Enquirer: 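Can you keep this structure in mind? I'll have questions shortly.
Each chain gets a letter, A, B and so on, in the order the sequences are listed, and its residues count up from 1. Bear in mind that the values here come from a model prediction, so they are computed numbers and not experimental data.
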Number of protein chains: 2
Amino acid sequence: MKNQFGEKIRELREKQQLFLRQVAPALEMDTAQLSKIEKGLRQFKKAQIPLLAEILKADKVELETLWLADQLMQLIKDEPTADEALRTVSKSIKKLM
Amino acid sequence: MKNQFGEKIRELREKQQLFLRQVAPALEMDTAQLSKIEKGLRQFKKAQIPLLAEILKADKVELETLWLADQLMQLIKDEPTADEALRTVSKSIKKLM
DNA sequence: TATGACTAGTCAGTATTTGGCAAATATACC
DNA sequence: GGTATATTTGCCAAATACTGACTAGTCATA
């Protein structure tokens with residue numbers, strides 16, 4: 001539960017029967033980088049999500065959501081106050097909407 | 001709703017009638033730094049929260065929660081998928097507890 | 001206008017992240 | 001086994017972001 005984005009795009013890539021070597025160049029990176037991204041060892045650039053979604057014929061918004069969820073998970077993992085902090089944030093965000 | 005930690009510690013400091021020049025040295029920083037922290041322009045080091053709580057006679061856990069909430073807010077502000085991502089994270093976190 | 005509290009700006013030093021390559025490993029096929 | 005392709009790992013230099021420290025500034029009050 002800590003690399004949902006990477007796992008998802010790997011799943012999508014395999015479903016499309018694409019190899020790293022086919023996808024990576026389209027994102028202007030090498031296969032090693034993309035491999036790391038899929039395993040959650042490197043960050044994927046948010047700005048590239050739309051392009052990636054297109055390549056993988058996936059839902060852009062879903063990928064963006066997973067990407068953001070991973071960022072959040074990173075922050076709160078190992079944090080005892082995670083739960084309460086999330087509640088605080090949810091409350092705050094509702095006021096902005 | 002974006003600098004709850006800073007606002008809180010300023011409030012606490014004023015309630016204790018302390019000046020920046022009194023608090024900052026105890027945290028091994030200068031007043032300019034602490035001022036920026038209170039205004040949300042700089043990060044406060046998580047590891048120093050217990051000490052800060054002591055100085056301000058405040059609840060350590062509350063400060064930690066606000067600190068974390070601010071980190072999260074930073075990430076999700078301006079993110080259209082913030083709401084959904086938060087839900088995803090909340091779901092994930094429950095599985096770890 | 002003098003003093004004290006706070007803030008804004010700058011900048012070098014430090015830390016972290018990234019991109020790219022080369023080598024290692026894994027998998028499949030013959 | 002041997003070869004070919006796919007993926008992963010490790011490393012390092014370059015780029016980027018962050019921090020601490022200092023300076024000069026504003027603001028309020030006496």
Side-chain angles (χ1 to χ4, degrees), chain A residues 2-52 55-56 58 63-64 66-79, chain B residues 2-52 55-56 58 63-64 66-79:
Chain A
K2 206 170 47 181
N3 179 29
Q4 300 186 78
F5 176 78
E7 285 166 14
K8 176 53 115 186
I9 67 174
R10 168 149 299 187
E11 176 196 321
L12 288 165
R13 177 174 63 79
E14 288 172 346
K15 192 177 296 175
Q16 296 290 325
Q17 312 216 59
L18 296 169
F19 298 122
L20 288 175
R21 96 179 127 74
Q22 296 174 285
V23 176
L27 297 165
E28 295 182 359
M29 59 178 73
D30 69 3
T31 63
Q33 270 177 93
L34 187 51
S35 169
K36 283 168 193 165
I37 287 165
E38 287 186 347
K39 307 190 87 202
L41 304 173
R42 283 286 170 98
Q43 279 269 33
F44 186 75
K45 289 218 181 95
K46 193 176 77 169
Q48 292 212 93
I49 293 180
L51 173 57
L52 179 61
I55 296 169
L56 299 178
L63 292 186
E64 284 169 341
L66 288 177
W67 182 90
L68 184 53
D70 275 5
Q71 312 295 310
L72 295 172
M73 278 302 285
Q74 280 250 23
L75 266 179
I76 67 176
K77 76 173 186 323
D78 309 327
E79 288 283 356
Chain B
K2 205 168 49 178
N3 178 30
Q4 300 186 76
F5 177 78
E7 284 166 15
K8 177 52 121 183
I9 66 173
R10 168 149 298 187
E11 177 195 321
L12 288 165
R13 178 174 63 80
E14 289 174 344
K15 193 177 296 177
Q16 297 291 324
Q17 312 218 55
L18 296 169
F19 297 123
L20 289 176
R21 93 180 131 76
Q22 297 174 284
V23 177
L27 298 165
E28 294 181 3
M29 59 178 72
D30 69 3
T31 61
Q33 271 178 90
L34 186 52
S35 168
K36 282 168 191 163
I37 287 167
E38 287 185 347
K39 305 189 87 198
L41 303 173
R42 283 283 172 99
Q43 278 270 30
F44 187 74
K45 287 216 183 99
K46 193 177 75 169
Q48 286 200 300
I49 294 180
L51 173 56
L52 180 61
I55 295 169
L56 299 179
L63 292 187
E64 284 169 343
L66 288 177
W67 181 90
L68 184 54
D70 276 4
Q71 311 294 308
L72 295 172
M73 278 302 286
Q74 280 248 23
L75 265 178
I76 66 177
K77 75 178 189 318
D78 310 327
E79 288 283 354

Enquirer: Output the residues of residues 66-79 of chain B in contact with DNA chain D, where contact means a heavy atom of the residue under 4.0 Å from an atom of the strand; sort by number or write none.
Expert: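 None, since no heavy atom is under 4.0 Å.
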
Enquirer: Got a sec, which pairs hit ring-ring contact (aromatic ring centres under 6.0 Å, His included) with one end in residues 23-51 of chain A, sequence neighbours left out?
Expert: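 Residue pairs passing ring-ring contact (aromatic ring centres under 6.0 Å, His included), neighbours aside: F5(A)-F44(A).
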
Enquirer: What residues, two or more places apart in sequence or in another chain, satisfy salt bridge (charged side-chain N to carboxylate O under 4.0 Å, His left out) together with K36(A)?
Expert: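 Expected list: none.
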
Enquirer: Distances under 3.5 Å only, N/O to N/O: pair up the protein atoms with those of nucleotides 24-30 of chain D.
Expert:
none

Enquirer: Quick test of your reading: applying ring-ring contact (aromatic ring centres under 6.0 Å, His included), list the pairs with at least one residue in residues 24-43 of chain A, sequence neighbours left out, ordered by first then second residue.
Expert: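 Qualifying pairs, neighbours excluded: none.
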
Enquirer: Got a sec, which residues hit side chain to side chain donor-acceptor pair (under 3.5 Å) with K46(B), two or more places apart in sequence or on another chain?
Expert: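 Side chain to side chain donor-acceptor pair (under 3.5 Å) check on K46(B) returns E79(A).
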
Enquirer: Just compare dT7(C), dT18(C), dT19(D) and give me whichever is closest to any side-chain atom of L20(B).
Expert: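 The answer is dT7(C).
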
Enquirer: R42(A) side chain to Q33(A) main-chain N or O, any donor-acceptor pair under 3.5 Å?
Expert: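 Answer holds: no.
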
Enquirer: Rounding to a whole Å, what distance do you find between Q22(A):CD and dT5(D):P?
Expert: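 Q22(A) atom CD is separated from dT5(D) atom P by 13 Å.
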
Enquirer: Name all residues meeting the side chain to side chain contact (heavy atoms under 4.5 Å, CB included) criterion together with K77(A); count only those two or more places apart in sequence or in a different chain, and write none if there are none.
Expert: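 Result, side chain to side chain contact (heavy atoms under 4.5 Å, CB included) vs K77(A): K2(A), Q74(A).
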
Enquirer: Is there a residue in residues 8-19 of chain A whose heavy atoms reach under 4.0 Å of DNA chain D, and which residues are they?
Expert: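 Going residue by residue through residues 8-19 of chain A, the ones with a heavy atom under 4.0 Å of DNA chain D turn out to be R10(A), R13(A), F19(A).
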
Enquirer: With sequence neighbours left out, write down each residue that passes salt bridge (charged side-chain N to carboxylate O under 4.0 Å, His left out) with K45(B), or none if nothing qualifies.
Expert: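 Result, salt bridge (charged side-chain N to carboxylate O under 4.0 Å, His left out) vs K45(B): none returned.
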
Enquirer: Could you check if a side-chain atom of L12(A) sits within less than 4.5 angstrom of a side-chain atom of L63(A), using non-hydrogen atoms only?
Expert: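 The answer is yes; the side chains approach within 4.5 Å.
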
Enquirer: Could you tell me which residues satisfy side chain to side chain donor-acceptor pair (under 3.5 Å) with Q16(B), sequence neighbours excluded, listed by chain and number?
Expert: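 In terms of side chain to side chain donor-acceptor pair (under 3.5 Å), with neighbours along the sequence ignored, Q16(B) is linked to no residue.
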
Enquirer: Short question: side chain of E64(A), backbone of I49(A) - any donor-acceptor pair under 3.5 Å?
Expert: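 It does not hold such a pair.
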
Enquirer: Would you say the side chain of M73(A) lies within less than 4.5 Å of the side chain of N3(A), judging by non-hydrogen atoms?
Expert: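 The answer is no, as the side chains (C-beta and beyond) never meet within the 4.5 Å cut-off.
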
Enquirer: Could you state the atom-to-atom distance from CG of D30(B) to P of dT19(D) in whole Å?
Expert: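 Taking CG of D30(B) and P of dT19(D), I get 14 Å after rounding.
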
Enquirer: For DNA chain D, what residues of residues 33-42 of chain B have any heavy atom nearer than 4.0 Å?
Expert: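 Residues of residues 33-42 of chain B that come under 4.0 Å of DNA chain D are, in numerical order, Q33(B), K36(B), R42(B).
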
Enquirer: For a quick check under 3.5 Å, do Q43(B) and Q71(B) share a side-chain donor-acceptor pair by atom type?
Expert: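 Judged by distance alone, the side chains do pair up.
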
Enquirer: Okay, side chain of R10(A), backbone of E38(A): is any donor-acceptor separation there less than 3.5 Å?
Expert: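 The answer is no, because no donor-acceptor pair under 3.5 Å joins these two groups.
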
Enquirer: Do side-chain atoms of Q22(B) reach the backbone of F19(B) as a donor and acceptor pair under 3.5 angstrom?
Expert: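 Yes; judged by distance alone, with no hydrogens or angles, the pair exists.
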
Enquirer: Using a cut-off of strictly less than 4.0 Å, decide whether K45(A) has a side-chain nitrogen or oxygen near OP1 or OP2 of dT17(C).
Expert: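 For dT17(C), OP1/OP2 do not have a side-chain N/O of K45(A) under 4.0 Å.
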
Enquirer: Just how large is the angle between the end axes of the helix from dT1(C)-dA30(D) to dC30(C)-dG1(D), five pairs per end, to 10 degrees?
Expert: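 Between the first-five-pair axis and the last-five-pair axis there is 30°.
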
Enquirer: Check whether more than 12 heavy atoms from other residues, nucleotides or ligands sit under 6.0 Å from atom CD of E14(B), and answer yes or no.
Expert: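 Counting other residues, nucleotides and ligands, CD of E14(B) exceeds 12 neighbours.
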
